[in-house]
Amino acid sequence: MEKMDINKFRGIFVAMYSAYDEEGEVSISRVKELARSYVHTGVRGLYICGSSGEGILQTAEERKKVVEAVMDEVGKVLTVIVHIGANSTRESVELAIHAEKNGTDAVSAVPAIYYRLSEKAVETHWQKMINASSLPFIIYNIPQTTGFHLTQPLFMKIAKQDKVIGIKMSGESVFELQQFKANAGKEFIVYNGPDEQFLGGRMMGADGGIGGTYGVMPELFCKVDAFIMENKFKEAQELQFKINSIIKRLLDYPSLYGACKYILSLRGIDTGVPRLPLLPVSPTDYQSLTMLNEEILKVIQEYTNIKEKEMMG
Ligand SMILES: CC(=O)N[C@H](C=O)[C@@H](O)[C@H](O)[C@H](O)CO
Ligand SMILES: CC(=O)C(=O)O
């Protein structure tokens, strides 16, 4: 297989949240509504069933339902990357096959969780998923939650395959991020993971970003990205700092996703609360989140206006 055209994988990808009904069951209509809400925000695509999507808190059947709903709703207009990481290789393989059947653009996975795994075990785990379908594969490296430190040698061994087109680097070292880029070459996509340092990651070689806070402010990350491409680094920095003061506050709540999902509900997009053990926000948080939402919308408004003004002249 030749290296494929990877342009549809560049840019900004919303790590989409879960969407449940009032009973906590995956809601097809809410998944669809949430996916659709990102279509006109400027993002390139969605990363579904990942950390933000609570994939590992859901059964394989539920994850498949999410994939089917997203593909049905936005599969033709957005690039859809499906996280298939699970505890067992067998389940991940099953999800890879399902993702391919449903026409998704790529699959991606963290190393298996819970067990302390050797490099050889993680390599085997990923390789089985890579072999399971003809879809492109994106490594998901997030050492702070999985406890697995991906070394450059193992990375290179996996990344040299044509099917492996990228890595989502959620570790915080931009030096390591840059090493992934340097070791894999130009035609390999490196995604910045930590939203707080999106600009830093991009400056050190990331081609795009996948993030858990993009879901409440996708326009802002698209705008930082646009500033970078126009060499407007001062503007990019100013906006990243505004984003960071928002993220800092989001991280103060019982769970990041609970806070983000509540903010979406204030905008008329109901996705329920996160699944336990991820905590929902409590009623005492509603007021401050209402204010935070208004501030986010104000910043989005401010930067969308800039865009309009630029277009007019
Ligand atoms: C550790 C973690 O979950 N990282 C996410 C993705 O890689 C980020 O998108 C964070 O959710 C975000 O940067 C907020 O800290
Ligand atoms: C947070 C993130 O990027 C994910 O959902 O995997």
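Every number for a ligand or one of its atoms is a count from 1 in the order of the listing.
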Who passes ring pair (Phe, Tyr, Trp, His ring centres under 6.0 Å) against Tyr257, sequence neighbours left out?
none
CD/Glu100 to CG/Leu135 distance, rounded to the nearest 0.5 angstrom?
4.5 Å
What are the distances between nitrogen or oxygen atoms of ligand 1 and protein nitrogen or oxygen atoms, counting only those under 3.5 Å?
{"from": "ligand 1", "atom 1": "7 (O)", "to": "Lys168", "atom 2": "NZ", "distance (Å)": "3.0"}
{"from": "ligand 1", "atom 1": "7 (O)", "to": "Ser170", "atom 2": "OG", "distance (Å)": "2.4"}
{"from": "ligand 1", "atom 1": "9 (O)", "to": "Asp195", "atom 2": "OD1", "distance (Å)": "2.9"}
{"from": "ligand 1", "atom 1": "9 (O)", "to": "Asp195", "atom 2": "OD2", "distance (Å)": "3.3"}
{"from": "ligand 1", "atom 1": "9 (O)", "to": "Gly212", "atom 2": "N", "distance (Å)": "2.8"}
{"from": "ligand 1", "atom 1": "13 (O)", "to": "Asp195", "atom 2": "N", "distance (Å)": "2.9"}
{"from": "ligand 1", "atom 1": "13 (O)", "to": "Glu196", "atom 2": "OE1", "distance (Å)": "2.7"}
{"from": "ligand 1", "atom 1": "13 (O)", "to": "Glu196", "atom 2": "OE2", "distance (Å)": "3.4"}
{"from": "ligand 1", "atom 1": "15 (O)", "to": "Glu196", "atom 2": "OE2", "distance (Å)": "2.5"}

Taking the ring centre of each residue, are Tyr253 and Tyr262 less than 6.0 Å apart?
no
Okay, side chain of Ser108, backbone of Ile138: is any donor-acceptor separation there less than 3.5 Å?
yes
Is it the case that more than 12 heavy atoms not belonging to Arg267 sit under 6.0 Å from its CZ atom?
yes
Starting from the N and O atoms of ligand 2, collect every protein N/O partner closer than 3.5 Å and put each pair on its own line with the distance to 0.1 Å.
{"from": "ligand 2", "atom 1": "3 (O)", "to": "Lys168", "atom 2": "NZ", "distance (Å)": "2.6"}
{"from": "ligand 2", "atom 1": "5 (O)", "to": "Ser51", "atom 2": "N", "distance (Å)": "3.1"}
{"from": "ligand 2", "atom 1": "5 (O)", "to": "Ser52", "atom 2": "N", "distance (Å)": "2.7"}
{"from": "ligand 2", "atom 1": "5 (O)", "to": "Ser52", "atom 2": "OG", "distance (Å)": "2.9"}
{"from": "ligand 2", "atom 1": "6 (O)", "to": "Ser51", "atom 2": "N", "distance (Å)": "3.0"}
{"from": "ligand 2", "atom 1": "6 (O)", "to": "Ser51", "atom 2": "OG", "distance (Å)": "3.2"}
{"from": "ligand 2", "atom 1": "6 (O)", "to": "Tyr140", "atom 2": "OH", "distance (Å)": "2.7"}

Under the criterion side-chain hydrogen bond (donor to acceptor under 3.5 Å, both in side chains), which of Lys261, Arg30, Gln58, Arg275 is the partner of Ser18?
Lys261
In short, ring-ring contact (aromatic ring centres under 6.0 Å, His included) pairs touching residues 148-167 with sequence neighbours left out are Phe155-Phe180, Phe155-Phe188
Minimum side-chain heavy-atom gap Ile247-Met217 below 4.5 Å:
yes
With a 6.0 Å cut-off (strictly less than), is the heavy-atom count around CD of Gln144, excluding the residue itself, greater than 12?
yes
